[in-house]
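Worksheet: the structure to be examined is printed underneath.
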Amino acid sequence: MRYDDIPRLSNWKADTALLTSGVGGPGARVAALAARFETPAMPQAPSLPPRRDTALVPIDDLVELYEKAWSPMAKRNVLHDLKSALDDWSRAHPGPKPAALEALVEVTDRKSREASPGAGRYTQVYCVGWKVGCNYGTTYFRHSPDDRTDMETKCGEMMQAINAARGAMPPVPRDDPTVLKIFMAPEFFFRGQNGAYSPDVVSDIVGRMRSLGTGSAAWNDWLFVFGTAVAAIEAQVTFCRTCGFGRSKIRQEPDPTGKLKTIQKCSRQGPGPAHDIVTGWGAEVQNVALLQKGSAAHMVVKEYVSGIDYTGNQVTLHPGTAQQKVMPTLPPSGGAGSPIESKFDDERMGGCLLTVDGIRIGLEICLDHSLGQPGAPMTGRAAGPLSANTQVLLIPSFGMKIGTGLYCMDGGIAFNVDGQVGGTSEVRIKGIAPNPVAVSAGVPGARGSLDLWGPFPLP
C-alpha cells in the first residue's frame, strides 16, 4: 500500500476503519474489501464499521488540517507535527504497523524531505541580537523624511551590523555548517517619521537586503529577522458602536423583511434593542516581521496593536495609498481587535509558527508574546498552545521581556531583541539554568551594538 500524497481525511479513515482494539491488523481492510467483492450477487458493498481507535485521533486531526492547508509553509508546519504524532503512535504501539500506518509514515517522510530538503543539517543554534534603539523620545527615528531613502539607508546600516556580527564570531560557529546562525533586529526598525511606510516600500526591504549581500551563498546558514516593518493603507471598517471597536464581529444575516436582502448584525447581539452598527475610515496597519533564509523569505504579521506603538494611535498615510492625511490606526484584518474574522485560529496555518529546514520556529512580535499565554485574551492565537513542538522562539519587540513565556519544548531556545531606549537582547533556555551570558561586540560605522549568544544545542 502506498500514498502519493497525504490522503484526504475521508480516505484515511476508510483505510483505517478496521484498526480497532482487537480488530484487524496489517492488510485487514484490504482483506475485508476483497471478501465483499467476492460475494456473489452482492448489489452494493456495505460500509465498513466505524473506527474506534482513539489513539489515531491526533493523527486524524493533522490529516484533516493538511487537507485544509493552502500555503507551502502551512503544509510544511503540519507535516512537521504529523511526523511527531506518527512517532508517538509508533512508540505506544511497538511491532509491525498496519498497512495504512506504514503508508502514511512513508508519505509523511517523503513529503517532509521534499518540503524541507535541509532538514537535519543543523544541530546547534547561535543567536546574534542587534541592540539598536528604534525611537528617540516621542518621534519616530528616521534617517530621511523620504520613506524610500530612509528604508534604503536603514538596510545599509543593517548590513553593516550583519557583517560586524560575522566578523565578531569565532571560526566555530561562524564556519560550521551544522550551526544555524540567527541574526535579529528589533521591532519597528523600518517605519519612517510618520509611523508607517507605504506598502510598496515595505515590499522592497527583503530584496534590498539580498542585493546588499544576504542573498549570496556565503549566508546560506543564516536566518535573518530584519526586525519589523510597518505599512499603512486607508481602510473602511464596519463595527459595533454599542460593544466598542474590536469587541465583536459583524455578520451578514438574512433580512427578515426581505428574502433577497441582508442586514448587518453584531455577533454579541441578544434580545432587546438592535446594536448600533457604524462604518468609518482609518489606517489599517500591517506590522510585519520579515525573515530570510537562503532563497526563501517569510513574513509574520503582528496581531495586537499596543497603545504605545503609534504616537496618538495615529499614522500619516502617504501618496500612492491615499491622500496624505493623519488617520486613526486600525488592527490588521483578522488580527486581534479587528472586526474581520480570521479564517484560521491555528497559527500553523499562516500565523506565527514556521518550519525552516525542519526546525519548528515560533515568532511572536512584542505584545503578541504576552497576550498569547494561557488565560490571556489571545490564547490559541500565538505560539503558546503549540509550544510542545517549537524548538526556537523569536521575539522582536519594543518594550517586551521573555519573562515566564518560554513557549517552546524542553531545551528550546527563546530569543528576544528589544528596541526601546538603546536596545537590549536576552536568551533563555527552557529547563536549563543559569541563564546564558552574551559576548558583546561593536558595529563600526553604524548605530547600536551586538550581543552574541551560544552556540546552543538544538532540542
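The figures here come from the full heavy-atom set of this structure, side chains too, leaving out hydrogens, waters and symmetry mates.
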* Out of D81, V392, L393, which residue meets the side chain to side chain contact (heavy atoms under 4.5 Å, CB included) rule with R360? -> D81
* **Exercise: identify the closest heavy-atom pair between S116 and R76** => OG-CD, 3.2 Å
* Does D150 pair with R148 as a salt bridge, N-O distance under 4.0 Å? -> no
* To do: Taking all heavy atoms of N220 and all of K293, pick out the closest pair and write down the distance.
  => O-NZ, 2.8 Å
* Inspect the surroundings of CE in M299 and state if more than 12 heavy atoms from other residues, nucleotides or ligands are less than 6.0 Å away. => no
* For residues E364 and Y407, determine if any side-chain heavy atom of one lies less than 4.5 Å from a side-chain heavy atom of the other. => yes
* R174 side chain reached by R166 side chain, heavy atoms, under 4.5 Å -> yes
* To do: Report the C-alpha separation of R2 and D4 in whole Å, then their side-chain angles, then the decisive distance to 0.1 Å, and conclude whether the salt bridge (Lys or Arg N to Asp or Glu O under 4.0 Å) test is met.
  => CA-CA 7 Å; R2 184 180 189 274; D4 290 330; 3.0 Å; yes
* Structure fact -> In short, H80 meets G358 closest at the heavy-atom pair CD2-O, 3.6 Å
* For R348 and D346, work out which heavy atoms get closest and say how close. => NH2-OD2, 2.7 Å
* Asked: Y310 vs F188 aromatic rings, parallel, tilted or perpendicular, using cut-offs 30° and 60°?
  -> perpendicular
* Over all atoms of both residues, closest heavy-atom pair of I402 and F415 -> CD1-N, 4.3 Å
* **Over all atoms of both residues, closest heavy-atom pair of V417 and A185** => CG1-C, 4.0 Å
* Asked: Are any non-hydrogen side-chain atoms of L363 and P396 less than 4.5 angstrom apart?
  -> yes
* With V300, which of L394, L353, V288, L354 fulfils side chain to side chain contact (heavy atoms under 4.5 Å, CB included)? -> L354
* To do: Look only at the side chain of Q391 and the backbone of L458, and say whether a donor-acceptor pair between them is shorter than 3.5 Å.
  => no
* Answer yes or no: is there a donor N or O on one side and an acceptor on the other, between the side chain of T424 and the main chain of Q420, under 3.5 Å? => no
* To do: May I ask you to say whether K154 pairs ionically with E157, meaning some side-chain N is under 4.0 Å from a carboxylate O?
  => no
* To do: Take atom NZ of K75 as the centre, draw a 6.0 Å sphere, and report whether it contains more than 12 heavy atoms from other residues, nucleotides or ligands.
  => yes
* Q292 side chain to T214 main-chain N or O, any donor-acceptor pair under 3.5 Å? -> yes
* To do: Please work out whether the ring planes of F141 and H143 are parallel, tilted or perpendicular, with thresholds of 30° and 60°.
  => perpendicular
* On the 0 to 90° scale, with breaks at 30° and 60°, tag the W222-W219 ring pair as parallel, tilted or perpendicular. => perpendicular
* **side chain to side chain contact (heavy atoms under 4.5 Å, CB included) between C408 and I413, intermediate numbers included** => CA-CA 7 Å; C408 50; I413 303 152; over 6 Å; no
